[in-house]
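To keep things clear, I will list the structure first and then write my remarks on it.
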Amino acid sequence: MRRLLIRGAEAVVTMDDARTELRGADVLVEGGVIAAVGQGLDTVGADRWEARGCVVTPGLVNTHHHLYQTLTRVVPGGQDALLFGWLKTLYPIWAGFGPQHMRVSALIGLAELALSGCTTSSDHLYLYPNGARLEDTIDAAREIGLRFHPTRGAMSIGESAGGLPPDALVEAEAAILEDMIRVVDAFHDPRPGAMVRVGLAPCSPFSVSRDLMREAALLARDKGVRLHTHLAENDEDIAYSEAAFGCRPGQYAEDLGWTGEDVWHAHCVKLDAGEIDLFARSGTGVAHCPCSNCRLGSGIAPVRAMRDAGVPVGLGVDGSASNDAGSLIAEARQTLLLQRVAHGADAMSAREALEIATRGGARVLGRDDIGVLAPGYRADIAVWDVSGIEAAGAWDPVATLVLAGPMRVRDLFVEGRPVVQERRVVTADMSRALADQARLLRGLMG
């Protein structure tokens, strides 16, 4: 059994129930699982990893992403648009994607996440043009080595039927449900320590029918997998729900079986007090995506109210076309800043933001085996060098991760295996991946 010792950290942030932080501490890993955390741990037979001048945290958890969008950052025409206008600009470009576009963009996006301290990422893939399939992204995650929660998304109502997406990007609902069954049966792993868990994720209330939402919920519960969609993202979203369904998004979700501990919704910027109470009572999770919400002018999500009510909240970077970055530690900082803008300088601490980014995200994804550095948890570990210029002069090495930097990890481990070493992804040929990305981009741009 392989043993790994991360030794002599400036601070180890365990995120255990007592939120213990240890100075000058070690983390011992055996067989992909944390065996011990403390000072002066036994090093016999262990590969030693020096962490002097570093803060060690649980790996960050990304609860919402659209990895395919890594090929469409900063697209002219969509740079200054609200959500619906932005989508209208991007849909025709995405229609030209195929399997290689999906795989390469996922590879780049996951590598970017890894460099920002992320060890587990979900992905919401809701369009499948030209033969693309969910496994294109699963293959990329396996190469990078991140723990992965892909969701089989879908759009079924095109423009001709009053929906937002073009007809070329929608699918027949019977075919969607059939493929949902296929990918769950083929790839979902419910066991502790699973590297891949599949969820079901119709895109949004404005791109699928009530029937598909209801059927997906029934299917997910039959298969024992989680449900995910976009909800209450901006004022346009609320207006659409009230006009089309005669109710607010929270009521729509509850009526169709889309609340509960096995459900998490992206954004939720416009939840009202009643909807927050509904989510808290039902254990429904939220993927908070602050940078994307700012970029699209959607607003400031009521994270303080959600947390105070007991709603499970994690962080998401959202799509690389609406962010346009893919840094999870940047999302933690933006979460803190926005809550302080809305509610005052004492509204959220750096440690609470880091908690949301780690064990908060793990809870949202239904994981009780990650997000904490304690014996028995999986060895998903981020090592942050705080001896460099970004943190120079910092009095608090833990808070500096959110308030100052660094914005890249020095080292990253998933299941005790190195994914990033000395600020470089070591599991994949990134030079080749970037060359492939550039070639595919040229093809899309014509």
Side-chain angles (χ1 to χ4, degrees), residues 62-95 97 109 122-127 151 153-159 161-170 201-209 213 228-245 247-250 252-253 258 264-272 275 286-303 315-326 331 334-335 338 342:
N62 180 29
T63 62
H64 184 66
H65 207 316
H66 306 293
L67 286 166
Y68 75 90
Q69 293 181 11
T70 311
L71 265 167
T72 50
R73 301 188 209 248
V74 201
V75 173
Q79 294 175 19
D80 305 311
L82 297 176
L83 174 64
F84 283 15
W86 171 82
L87 284 169
K88 286 284 194 179
T89 300
L90 274 296
Y91 279 144
I93 301 173
W94 296 335
F97 278 34
S122 65
D123 184 45
H124 189 184
L125 182 57
Y126 54 80
L127 46 82
T151 61
M155 298 190 294
S156 63
I157 300 178
E159 287 178 310
L164 195 68
D167 290 350
L169 285 177
V170 303
C203 181
S204 63
F206 52 79
S207 59
V208 299
S209 71
M213 293 290 287
H228 183 51
T229 193
H230 299 92
L231 200 78
E233 186 168 352
N234 69 358
D235 290 331
E236 292 175 298
D237 203 342
I238 300 297
Y240 183 94
S241 181
E242 291 176 338
F245 311 127
C247 62
R248 287 185 55 86
Y252 177 81
W258 276 77
W264 85 105
H265 294 286
H267 301 296
C268 297
V269 175
K270 299 297 180 177
L271 291 190
D272 66 15
E275 290 164 323
V286 170
H288 174 48
C289 306
C291 290
S292 177
N293 294 342
C294 288
R295 158 76 157 78
L296 292 173
S298 299
I300 301 174
V303 173
L315 298 184
V317 303
D318 201 14
S320 295
S322 68
N323 187 311
D324 293 65
E331 300 299 330
Q334 191 77 348
T335 296
L338 287 177

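When a residue number appears, it is its place in the shown sequence, counting from 1.
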Table please: side-chain donor-acceptor pairs of residues 83-90 below 3.5 Å, with sequence neighbours left out.
from	atom 1	to	atom 2	distance (Å)
Trp86	NE1	Ala321	O	3.0
Lys88	NZ	Glu159	OE2	2.6
Lys88	NZ	Leu164	O	3.4
Thr89	OG1	Gly77	O	3.3
Thr89	OG1	Gly85	O	3.1

Between Tyr252 and Phe245, how do the two ring planes meet: parallel, tilted or perpendicular, split at 30° and 60°?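 Plane angle under 30°, so parallel.
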
Under the rule for side-chain contact (heavy atoms from CB on, under 4.5 Å), what residues qualify as partners of Ala325, not counting sequence neighbours?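 Ala325: side-chain contact (heavy atoms from CB on, under 4.5 Å) contacts with Glu112, Asn323.
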
Got a sec, which residues hit side-chain contact (heavy atoms from CB on, under 4.5 Å) with Ile300, two or more places apart in sequence or on another chain?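 Ile300: side-chain contact (heavy atoms from CB on, under 4.5 Å) contacts with Leu338, Gln339, Val341, Ala342.
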
Do you know the tightest heavy-atom contact between [X] and [Y]?
X      : Y      : value
Pro205 : Tyr240 : O-CE2, 3.8 Å
Ala287 : Thr63  : CB-OG1, 3.1 Å
Pro290 : Gly316 : CD-O, 4.3 Å
Val269 : Gly299 : CG1-C, 3.7 Å
Pro165 : Val170 : CG-CG1, 3.9 Å
Cys203 : Met155 : CB-CG, 3.8 Å

Quick one: salt bridge (Lys or Arg N to Asp or Glu O under 4.0 Å) pairs with a partner in residues 231-243, sequence neighbours left out?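 Output for this query lists Asp235-Lys270.
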
Gap between atom [atom2] of [Y] and atom [atom1] of [X] - 0.5 Å precision:
X      : Y      : atom1 : atom2 : result
Gln69  : Asp324 : CD    : CG    : 9.0 Å
Thr335 : Leu315 : OG1   : CG    : 4.5 Å
Leu169 : Tyr91  : CG    : OH    : 8.0 Å
Met213 : Ser204 : CE    : OG    : 8.5 Å
Cys268 : His288 : SG    : NE2   : 10.5 Å
Asp318 : Asn293 : CG    : CG    : 7.5 Å

When you measure from the side chain of [X] to the backbone of [Y], do you find a donor-acceptor pair of N or O atoms at a distance under 3.5 Å?
X      : Y      : value
Thr229 : Pro202 : yes
His65  : Gly319 : no
Ser207 : Ser156 : no

Listed by chain and number, what are the ring-ring contact (aromatic ring centres under 6.0 Å, His included) partners of His267, not counting sequence neighbours?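 Only His64, His230 meet the ring-ring contact (aromatic ring centres under 6.0 Å, His included) criterion with His267.
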
I want to check something: taking the side chain as every heavy atom from C-beta on, are [X] and [Y] in contact at a cut-off of under 4.5 Å?
X      : Y      : value
Tyr68  : Leu127 : yes
Ser209 : Ile157 : yes
Leu231 : Trp258 : no
His228 : Ser122 : no
Ile238 : Pro249 : yes

Output, in order, the C-alpha distance, side-chain angles, deciding distance and verdict of side-chain contact (heavy atoms from CB on, under 4.5 Å) for Ile93 and Val75. CA-CA 10 Å; Ile93 301 173; Val75 173; 3.8 Å; yes

Mind checking what makes salt bridge (Lys or Arg N to Asp or Glu O under 4.0 Å) contact with Glu275, not counting sequence neighbours?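 Only Arg248 meet the salt bridge (Lys or Arg N to Asp or Glu O under 4.0 Å) criterion with Glu275.
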
